[in-house]
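Read through the structure below, which is laid out as structure tokens, and then see the notes.
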Amino acid sequence: SSIEPRKNLDRLLDAYVAYRECAKDQSLPLIVTGTPGWKSQHTHARLKKLQSDGAVHYLGYVRQQLLPALVAGARAVLYPSLYEGFGLPILEAMQSGTATMTSRATSMEEIAGDASLLVNAVDTDEMAEAISMLGSKPEVVSLLEAKGLVNAGRFSWANCASKTIQVYRST
């Protein structure tokens, strides 16, 4: 995806820095992907600084073929977006058996259900606590992975097509 204000990356970076300060040597790395989007100059400057400090790994654009391995190899996918039309990255992470943290904003909570750590998208302290939990509580990660796989089963292209046809027929 592209990095833009609605993705809420600046607050996630604030939360990650707070988590890293508390976790010290036990902190997990934060890997960020995405192309520059609108109004992202400030965020990219922060990413560059945090990367030079060794706190963040910014990969930029990642080819679609490589994303499944990156997501499946992650401890968790952190996606505290302020607005999404659907929230496909959360669903893709769940399909990969990866724990997720996302926001209670718009469609994200509906997609995630109880299979994700849900956070207030503007509360960096709450996000930092969730990151800490994902970093230090393997039992929480395992539970979210299992719930995520079950939750992902609610979504398929066949189901989407069937429901779309039903809507067309009803109108």
Side-chain angles (χ1 to χ4, degrees), residues 1-16 30-40 42-44 47 56-124 126-131 133-134 140-171:
S1 68
S2 60
I3 294 173
E4 52 193 54
R6 73 184 175 93
K7 299 294 183 179
N8 205 24
L9 185 54
D10 282 312
R11 284 192 188 98
L12 176 60
L13 292 174
D14 291 342
Y16 178 74
L30 179 65
I31 299 171
V32 178
T33 66
T35 59
W38 60 279
K39 293 187 179 182
S40 67
H42 170 75
T43 304
H44 277 85
L47 284 169
V56 171
H57 304 282
Y58 175 54
L59 304 181
Y61 173 77
V62 174
R63 291 191 340 256
Q64 186 63 38
Q65 306 92 299
L66 300 176
L67 278 176
L70 186 64
V71 169
R75 168 73 61 93
V77 169
L78 311 177
Y79 203 74
S81 186
L82 295 169
Y83 169 79
E84 292 297 325
F86 182 76
L88 197 54
I90 295 299
L91 184 56
E92 290 170 334
M94 289 178 177
Q95 289 172 332
S96 296
T98 302
T100 59
M101 178 197 86
T102 193
S103 59
R104 290 186 197 97
T106 65
S107 65
M108 304 307 293
E109 185 172 10
E110 183 179 347
I111 299 304
D114 70 346
S116 182
L117 284 181
L118 297 172
V119 297
N120 179 337
V122 297
D123 187 335
T124 57
E126 188 176 331
M127 278 193 261
E129 287 175 28
I131 296 168
M133 188 178 300
L134 291 165
V140 171
V141 173
S142 293
L143 179 63
L144 291 173
E145 290 168 345
K147 283 184 166 189
L149 284 168
V150 171
N151 186 56
R154 296 187 306 136
F155 303 91
S156 71
W157 287 114
N159 189 23
C160 177
S162 174
K163 288 184 177 184
T164 302
I165 289 168
Q166 287 175 3
V167 168
Y168 283 138
R169 286 186 177 150
S170 70
T171 58

Sequence neighbours excluded, which residues qualify as side-chain contact (heavy atoms from CB on, under 4.5 Å) partners of [X]?
X: Thr171; value: none
X: Ser40; value: Ile3, Pro36, His44
X: Glu84; value: Arg6, Lys7, Tyr79, Ser81, Ser107, Met108
X: Val150; value: none

Non-neighbouring partners of [X] that pass side chain to side chain donor-acceptor pair (under 3.5 Å), sequence neighbours left out:
X: Ser2; value: Glu4
X: Arg75; value: none
X: Thr33; value: none
X: Ser103; value: none

Is it true that atom [atom1] of [X] has more than 12 heavy atoms of other residues, nucleotides or ligands lying nearer than 6.0 Å?
X: Glu110; atom1: CD; answer: no
X: Tyr58; atom1: OH; answer: yes
X: Trp157; atom1: CH2; answer: no

Would you find a donor on one side and an acceptor on the other, under 3.5 Å apart, between the side chain of Ser162 and the backbone of Ala158?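 Checking the backbone N and O of Ala158 against the side chain of Ser162, no donor-acceptor pair under 3.5 Å is found.
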Determine whether a donor-acceptor pair (N or O, by modelled atom type, separation under 3.5 Å) exists between the side chain of Arg104 and the backbone of Glu109.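 Side chain of Arg104 to backbone of Glu109, a donor-acceptor pair under 3.5 Å: no, none is there.
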Partner residues of His57 under the ring-ring contact (aromatic ring centres under 6.0 Å, His included) criterion, sequence neighbours left out: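 By the ring-ring contact (aromatic ring centres under 6.0 Å, His included) rule, His57 matches no residue at all.
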Just so I know, are the side chains of [X] and [Y] near enough to count as touching, which here means a heavy-atom distance under 4.5 Å?
X: Asn151; Y: Asp114; result: no
X: Ile131; Y: Leu30; result: no
X: Val32; Y: Leu12; result: no
X: Thr102; Y: Ile111; result: no

For the [atom1] atom of [X] and the [atom2] atom of [Y], what is their distance to the nearest 0.5 Å?
X: Met127; Y: Leu78; atom1: CE; atom2: CG; answer: 10.0 Å
X: Leu67; Y: Tyr61; atom1: CG; atom2: OH; answer: 8.0 Å
X: Arg11; Y: Leu9; atom1: CZ; atom2: CG; answer: 11.5 Å

Does the pair Leu13 and Leu47 meet the rule for a side-chain contact (heavy atoms from CB on, under 4.5 Å), with working shown? CA-CA 8 Å; Leu13 292 174; Leu47 284 169; 4.0 Å; yes
Which pair of non-hydrogen atoms, one from [X] and one from [Y], has the smallest distance, and what is that distance?
X: Leu82; Y: Pro5; value: CD1-O, 3.8 Å
X: Arg154; Y: Asn159; value: O-ND2, 3.2 Å
X: Ala99; Y: Leu134; value: CB-CD2, 4.2 Å

Residues two or more places apart in sequence or in another chain: which of them pass salt bridge (Lys or Arg N to Asp or Glu O under 4.0 Å) with Asp123?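 None.
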Under the side-chain contact (heavy atoms from CB on, under 4.5 Å) rule, what do Thr100 and Leu117 come out as? Steps first, then yes or no, please. CA-CA 6 Å; Thr100 59; Leu117 284 181; over 6 Å; no
By the ring pair (Phe, Tyr, Trp, His ring centres under 6.0 Å) test, which pairs, at least two apart or in different chains, include something from residues 89-114?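 Pairs touching residues 89-114 that pass the test: none.
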Please tabulate, for the side chains in residues 85-98, all donor-acceptor contacts under 3.5 angstrom to protein atoms that are two or more places apart in sequence or on a different chain.
residue	atom	partner	partner atom	Å
Ser96	OG	Glu92	O	3.1
Thr98	OG1	Val71	O	2.8

